[in-house]
Amino acid sequence: MFAAERRQLILEMVRANGAVSLRELARVVQTSEVTVRRDVRALEAEGLLDRRHGGAVLPGGFTRESGFPQKSHLATAEKTAIADLAAGLVEEGEAIVVGAGTTTQELARRLARIPGLTVVTNSLLVAQALAHANRVEVVMTGGTLRGSNYALVGSGAEQSLQGLRVSRAFLSGSGLTAERGLSTSNMLSASVDRALVQAAAEVVVLADHTKLGADTMFQTVPTEFITRLVTDEPPAHDDRAGTELQALADQGVQIAVAGPSGHPVGGGEQVPGRGERRRDVPLPAPRRGQVTGQTAAALRSAGLGQDPSAGAERAARVADLRRR
């Protein structure tokens with residue numbers, strides 16, 4: 001394994017677990033603890049993780065957020081595949097909102113090819129990706145520029161979203177769990193993302209597998225209000241991400257898993273786009289303690305393992321939230 005591959009895997013393990021010992025890192029990447037210690041030292045110098053005695057942890061715990069330069073180099077192939085798959089959800093002539101983030105920036109580059117769109121965003125990077133797109137109208141919120149992620153935040157951004165109504169919101173974040181939903185490390189970013197959610201009939205979360213099971217400081221979207229998750233297939237060793245996917249599906253979230261080429265994993269159809277019939281994409285292979293693939297598919301087709309009345313109750317809760 002090359003050094004770059006080792007360090008990417010180390011980052012993914014720390015992102016998934018919060019803290020990992022040098023011994024465990026060495027076992028997974030199949031090298032010596034001396035080599036892993038050197039890799040951890042290099043990643044710390046880039047601000048991507050913190051060293052602790054005998055291991056590595058997330059930088060700053062719940063209170064610190066990586067800047068755009070660090071985020072843009074994490075899971076780049078996975079973000080590209082997720083963006084390819086998510087773009088198939090968008091139809092010609094739709095009005096949508098797109099939040100800030102490196103994954104949503106990748107999505108915006110693909111939306112530039114869909115005519116007749118209206119895209120509302122608080123992200124300078126999303127707006128830049130769409131700036132020269134033919135027949136795509138970009139509407140930016142007001143607000144104060146937050147330089148670490150090139151996003152507009154604050155009361156100006158939130159007020160500009162009042163009274164807005166669109167079909168879908170596409171959001172990313174710092175962490176996603178079945179228990180708490182989508183979360184982020186910054187209070188101002190979380191507040192604007194909540195305003196974006198209020199404007200949309202459906203919420204689509206874009207999150208690569210390193211964010212699954214990670215829980216950060218400020219909740220953005222509770223699980224019950226997430227319509228769909230578009231993610232990539234977790235590595236075979238990442239039991240935590242696989243378990244979290246199953247738990248999200250059990251709570252009613254539709255799961256679309258992108259393969260390396262941007263097509264869904266498991267032989268399902270491409271996430272439907274313009275004029276296509278929608279069909280859920282299968283979850284990745286089950287891990288220890290999970291239901292079998294056949295059982296999981298049966299549960300999803302029958303309402304993702306919930307009581308038949310759960311869908312109606314969830315819709316009622318959403319409608320009540322919108323009325324407020």
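- In plain terms, the two heavy atoms of Ala200 and Arg165 that are nearest each other are O-NH1, 3.6 Å.
- Residues Arg110 and Asp84 form a side-chain contact, since some pair of their non-hydrogen atoms from C-beta on lies under 4.5 Å apart.
- Between the CD atom in Gln219 and the OG1 atom in Thr177 there is a gap of 8.5 Å [rounded to 0.5 Å].
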Discussion item. Pair Arg228, Val253 - check side-chain contact (heavy atoms from CB on, under 4.5 Å), show working.
Written reply: CA-CA 5 Å; Arg228 185 186 294 268; Val253 178; 5.6 Å; no
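- Residues passing the side-chain hydrogen bond (donor to acceptor under 3.5 Å, both in side chains) test with Glu158 are Ser191, sequence neighbours excluded.
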Item to complete: Please lay out, stage by stage, how Thr216 and Ser174 fare under the test side chain to side chain donor-acceptor pair (under 3.5 Å).
Response: CA-CA 7 Å; Thr216 52; Ser174 302; 4.6 Å; no
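- Of the residues listed (Thr102, Thr104, Thr103), the one engaging Lys79 in a side chain to side chain donor-acceptor pair (under 3.5 Å) is Thr102, and it is the only one.
- Side-chain contact check for Ile10 versus Val28: every heavy-atom pair is 4.5 Å or farther apart.
- By the 4.5 Å heavy-atom criterion applied to side chains, Met217 and Met187 are not counted as neighbours.
- Expressed to the nearest 0.5 Å, how far CZ of Arg6 lies from CG of Leu43 amounts to 10.0 Å.
- In this structure, the side chains of Arg41 and Arg51 come closer than 4.5 Å at one or more pairs of heavy atoms.
- Put simply, OG on Ser172 and CG on Leu182 are 7.0 Å apart, with the number rounded to the nearest 0.5 Å.
- Using a 4.5 Å heavy-atom threshold, the side chains of Leu107 and Leu206 count as touching.
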Practice prompt. Evaluate the side-chain contact (heavy atoms from CB on, under 4.5 Å) criterion for residues Leu89 and Val204: first the C-alpha distance (whole Å), next the side-chain angles of each, then the deciding distance (0.1 Å), finally the verdict.
Written response: CA-CA 9 Å; Leu89 286 169; Val204 181; 4.0 Å; yes
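- Looking at Leu152 and Val192, their side chains never come closer than 4.5 Å, going by heavy atoms from C-beta outward.
- Val34 and Val36 fall into different hydrophobic clusters, defined by Ile, Leu, Val, Met, Phe, Trp and Tyr side-chain heavy atoms under 4.5 Å apart, directly or through other members.
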Discussion item. Go through it in stages, so that I can follow the logic: the residues are Glu12 and Glu78, the test is side-chain contact (heavy atoms from CB on, under 4.5 Å), and I'd like the CA-CA distance, side-chain angles, deciding distance and then a yes or no.
Written reply: CA-CA 12 Å; Glu12 290 177 357; Glu78 290 85 349; 3.7 Å; yes
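- Residues Ala127 and Met140 share a closest heavy-atom pair of CB-SD, 3.6 Å.
- Among residues two or more places apart in sequence or in another chain, the side-chain contact (heavy atoms from CB on, under 4.5 Å) test is passed with Leu117 by Val90, Glu94, Leu111, Ile114, Val119, Val136.
- The line from CG of Asp215 to CG of Leu176 is 9.5 Å long, rounded to the nearest 0.5 Å.
- The minimum heavy-atom distance between Thr184 and Ala190, with the atom names listed, is CG2-CB, 3.5 Å.
- Between the side chains of Asp208 and Thr210, a donor-acceptor pair is found at a separation under 3.5 Å.
- Nearest heavy atom pair, residue Ala100 against residue Asn122, reads N-OD1, 3.7 Å.
- Residue Leu229 holds its CG atom at 10.5 Å from OG1 of Thr223, rounded to the nearest 0.5 Å.
- Val126 and Gly99 get closest at one heavy-atom pair: CG2-O, 3.8 Å.
- Contact check for Asp232 versus Val257: no side-chain heavy atoms found under the 4.5 Å cut-off.
- Although no hydrogens or angles enter the test, the distance criterion places no donor-acceptor pair under 3.5 Å between the side chain of Gln8 and the main chain of Glu5.
- In this structure, the side chains of Ile96 and Phe170 come closer than 4.5 Å at one or more pairs of heavy atoms.
- Ion pair Glu106/Arg109 flagged as a salt bridge, since at least one NZ, NE, NH1 or NH2 atom sits closer than 4.0 Å to an Asp/Glu carboxylate oxygen.
- Distance check, rounded to the nearest 0.5 Å: OG1 of Thr121 to CD of Gln105 gives 10.5 Å.
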Practice prompt. For side-chain contact (heavy atoms from CB on, under 4.5 Å), just list the numbers for Gln198 and Leu161, CA-CA rounded to whole Å, side-chain angles, deciding distance to a tenth of an Å, and then say yes or no.
Written response: CA-CA 9 Å; Gln198 292 292 322; Leu161 293 165; over 6 Å; no
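- Heavy-atom contacts from other residues, nucleotides or ligands closer than 6.0 Å to CZ of Arg23 number 12 or fewer.
- Taking every heavy atom of both residues into account, Val40 and Ala56 meet most closely at CG1-CB, 4.0 Å.
- Heavy-atom neighbours of Glu44 CD from other residues, nucleotides or ligands within 6.0 Å: above the threshold of 12.
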